[in-house]
Amino acid sequence: MKPKHIVMYTRTGCEDSDAAREFLKKHRVAFEEVDIDMSQEALEFVMLSNQGKQRTPTFNVDGRTFHCSPFDPQKLSRDLGLPTASPVR
């Protein structure tokens with residue numbers, strides 16, 4: 001089942017956020033992006049979701065929250081219900 005609403009919480013200069021953004025665009029996944037440096041409310045949400053840590057990217061997918069830091073395309077694919085490719089060896 002494809003997610004209906006994806007919010008990705010990011011931070012400027014975060015390489016993991018950049019990689020996740022490119023991954024989502026490449027897979028044509030619609031998402032809303034929120035920079036935690038520009039929103040105190042978003043920062044507080046991320047910290048609450050990650051035991052006080054500012055981990056980015058953090059995702060809220062249809063009410064389910066998880067982080068993908070460090071960026072792992074296999075994990076993100078699984079968490080979003082996308083087909084996963086075999087790992088490169």
Inset, instruction - Calculate, to the nearest 0.5 Å, the distance between atoms SG and CD belonging to Cys68 and Gln74 respectively. - result: 10.5 Å
Legend entry - Contact summary for Ala20 and Pro57, nearest pair of heavy atoms: CB-CG, 3.8 Å
Legend entry - Tyr9/Phe59 aromatic ring centres below 6.0 Å: no
Legend entry - Student check: side-chain heavy atoms of Leu76 and Phe66 closer than 4.5 Å: yes
Legend entry - Joint hydrophobic cluster, Met8 plus Phe23, side-chain heavy atoms closer than 4.5 Å: yes
Inset, instruction - Find the distance between SG (Cys14) and CZ (Arg55) and round it off to the nearest 0.5 Å. - result: 10.5 Å
Inset, instruction - Step by step, work out the side chain to side chain contact (heavy atoms under 4.5 Å, CB included) result for His5 and Val61. - result: CA-CA 6 Å; His5 189 242; Val61 179; over 6 Å; no
Legend entry - Separation of Leu80 CG from Leu24 CG (nearest 0.5 Å): 6.5 Å
Inset, instruction - Would you kindly confirm whether Ile6 and Phe71 end up in one hydrophobic cluster when ILVMFWY residues are joined by side chain heavy atoms under 4.5 Å apart? - result: yes
Inset, instruction - Could you tell me the separation between the OG1 atom of Thr10 and the CD1 atom of Ile36, rounded to the nearest 0.5 Å? - result: 7.5 Å
Legend entry - Flag, side chain of Arg64 to backbone of Asp79, donor-acceptor distance under 3.5 Å: yes
Legend entry - Residue pair Asp16, Thr56: steps toward the side chain to side chain donor-acceptor pair (under 3.5 Å) verdict: CA-CA 7 Å; Asp16 292 324; Thr56 56; over 6 Å; no
Inset, instruction - Would you check if Ser39 and Phe45 make a side-chain contact, meaning some heavy-atom pair closer than 4.5 Å? - result: no
Legend entry - No-hydrogen, no-angle side-chain donor-acceptor test under 3.5 Å, Thr58 and Asn50: yes
Inset, instruction - Count the heavy atoms of every other residue, nucleotide or ligand shown that sit under 6.0 Å from NZ of Lys75, and state whether that count exceeds 12. - result: yes
Legend entry - Pair Arg11 + Asp37: basic N to acidic O under 4.0 Å: yes
Legend entry - Expected output: side-chain Asn60 to main-chain Val7 donor-acceptor under 3.5 Å: no
Legend entry - Any donor-acceptor pair under 3.5 Å from His67 side chain to Ser69 backbone: yes
Legend entry - Neighbour count above 12 (heavy atom, 6.0 Å) for Glu33 CD: yes
Inset, instruction - Please round to the nearest 0.5 Å and tell me the distance separating atom CZ of Arg21 and atom CZ of Phe31. - result: 6.5 Å
